[in-house]
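First up is the structure itself, then whatever we jot down about it.
We count ligands from 1, going down the list as the structure has it; atoms in each ligand are counted the same way.
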Amino acid sequence: MRLKKPHWLAIKAVVFFVSLWPLVQLIIDGMNDGLGANPVETLHLTLGRWALRFLCLTLALTPLRRLSSQSWPLRFRRMLGLFTFFYASLHLLVFLWLDIEFSWHYFRQEVADTPYLLLGLATYCLLLPLALTSTVNMQIRLGRYWKTLHKLIYPAAILALLHYFMLVKSDLNQPLIYAAVIFILLVVRIQSKRIA
Ligand code: HEM
C-alpha cells in the first residue's frame, strides 16, 4: 500500500486508540458499577482475554505480510506486541494488587501450588524481553539476534494457551477457539515460509 507518512501516522493513531478501548470500557464500567457481582474477577478475566487476543493479532501479522506480499502489516507489529504486554501487565497487576495485596510470600506459595499461575508467570517472563527490546535502537543493537529473540512469541502463545486451558474448569469452548486460531496462524506461518 503506497501511502504517505502522515497517512500512516493517522492510521496508527486510530489503531492505537482502538487498542486502548477495552481498557477505557473497563474504566467506564467500573465507574458505573457495571463490572458485575465480582468486579475483580471481571477485571482479571477481561484483561487476560485481551492480552491473549493481542497476542493472536501480533502473531497474525507475519503470515499476513507473507500471504499478501505487502509490508504494511509489519508497521503494526511493535504496537500490537506492546499492547499484548500492556494488557498482560495490567492482568498481572490486578492479581498482585487486588487478589493478593502485594504479598510476596503468598505470591510464591500460590505460584508453587497452582500450575496455571506458574504457566501465566512463564508466559509473562517470555513477553518481558520482547517488550524491552521492541525499540528500533534495540533492534539495531541486537542485529540478527533480535529476530531469534522475538521468536519467543511462539512459545509465549503456547504457554498462554496452556495457562488458559488449565484454569478453565468446565467449558473448554473459548480456549479451544484460541487454540484453533493460534494453530492456524502457526501452520500458515510455517507454510508461507516454505513458499517464500
Ligand atoms: C504472572 C502472570 C500471570 C498471572 C499471575 C495470571 C493469573 C491469572 C489468574 C489468577 C486467572 C484466573 C482469574 C480468575 O479466575 O479470576 C487468569 C486468567 C487468564 N489469564 Fe492469566 N495470568 C498471568 C499471565 C497471563 C498472560 C501473559 C496471559 C496472556 C497473554 C494471560 C491470559 C489469561 C487468560 C486468557 C485468562 C482467562 C480469561 C477467561 O477465563 O476468560 N495470563 N490469569
Side-chain angles (χ1 to χ4, degrees), residues 18-23 25-27 29-30 33-63 76-134 149-186 189:
V18 170
S19 303
L20 262 189
W21 185 251
L23 178 63
Q25 186 67 59
L26 276 176
I27 294 171
D29 288 346
D33 273 340
L35 291 176
N38 190 338
V40 174
E41 189 183 66
T42 306
L43 270 179
H44 206 179
L45 296 181
T46 311
L47 291 166
R49 254 175 257 162
W50 277 105
L52 191 57
R53 284 175 194 149
F54 276 100
L55 190 57
C56 293
L57 284 173
T58 312
L59 274 181
L61 294 175
T62 303
F76 300 96
R77 195 168 53 180
R78 180 163 168 244
M79 194 199 299
L80 296 185
L82 284 173
F83 268 110
T84 306
F85 184 70
F86 175 65
Y87 282 107
S89 300
L90 292 178
H91 176 65
L92 173 61
L93 184 68
V94 168
F95 177 71
L96 293 177
W97 183 14
L98 303 177
D99 273 347
I100 62 167
E101 293 171 349
F102 294 114
S103 159
W104 179 237
H105 168 74
Y106 196 63
F107 180 71
R108 272 195 316 194
Q109 202 178 319
E110 281 283 289
V111 168
D113 294 347
T114 326
Y116 80 77
L117 285 184
L118 188 62
L119 286 166
L121 184 61
T123 312
Y124 192 77
C125 290
L126 292 184
L127 294 177
L128 185 65
L130 303 189
L132 292 177
T133 59
S134 65
L149 179 70
H150 279 250
K151 287 194 178 127
L152 284 179
I153 190 154
Y154 302 108
I158 291 165
L159 288 181
L161 266 182
L162 290 176
H163 170 62
Y164 198 176
F165 268 106
M166 288 189 79
L167 69 90
V168 168
K169 281 156 200 108
S170 51
D171 186 5
L172 288 175
N173 283 342
Q174 285 291 320
L176 277 172
I177 292 171
Y178 285 102
V181 169
I182 289 176
F183 178 74
I184 291 167
L185 289 174
L186 291 180
R189 196 200 144 99

Separation between CD1 of Ile182 and CG of Leu59, rounded to the nearest 0.5 Å: 6.5 Å
Atom 21 (Fe) of ligand 1 as vertex, arms to NE2 of His91 and NE2 of His163: angle to 10°? 180°
Shortest protein heavy-atom distance from atom 5 (C) of ligand 1, along with the residue and atom involved: Phe95 CD2, 3.6 Å
When you compare the side chains of Tyr154 and Arg189, does any donor N or O come within less than 3.5 Å of an acceptor on the partner? yes
Determine the minimum heavy-atom distance between Leu55 and Ala160, stating which atoms define it. CD2-CB, 4.1 Å
Considering the heavy atoms of Thr123, write down every atom of ligand 1 situated less than 4.0 Å from one of them. 27 (C)
Polar side-chain atom of Thr84 near backbone of Phe54 as donor-acceptor pair, under 3.5 Å: yes
Do me a favour and list the nearest non-hydrogen protein atom to atom 30 (C) of ligand 1 with residue, atom name and distance? Ala51 CB, 3.7 Å
for atom 32 (C) of ligand 1, nearest protein heavy atom and its distance come out as Gly48 O, 3.4 Å
Does CG belonging to Asp113 count more than 12 external heavy atoms closer than 6.0 Å? yes
Return the residue, atom name and 0.1 Å-rounded distance of the protein heavy atom closest to atom 14 (C) of ligand 1. Leu45 CD2, 3.6 Å
Can you tell if the side chain of Leu61 reaches within under 4.5 Å of the side chain of Leu57, non-hydrogen atoms only? no
Nearest neighbour in protein (non-hydrogen) for atom 41 (O) of ligand 1: Arg49 NE, 2.3 Å
Among Leu121, Leu167, Leu117, closest by heavy atom to atom 7 (C) of ligand 1 is Leu117
Parallel, tilted or perpendicular, as decided by the 30° and 60° cut-offs, for the rings of His44 and His91: tilted
Which residue and atom name correspond to the protein heavy atom nearest atom 1 (C) of ligand 1, and how close is it? Leu92 CD1, 3.2 Å
Nearest protein heavy atom with distance in Å, relative to atom 9 (C) of ligand 1: His44 CE1, 3.3 Å
Ligand 1 contacted by Tyr116 (non-hydrogen, < 4.0 Å): yes
Does the plane of the ring in Trp50 sit parallel, tilted or perpendicular to the ring in Tyr87? Use 30° and 60° as the thresholds. tilted
Got the closest protein heavy atom to atom 24 (C) of ligand 1, with its distance? Gly120 O, 3.5 Å
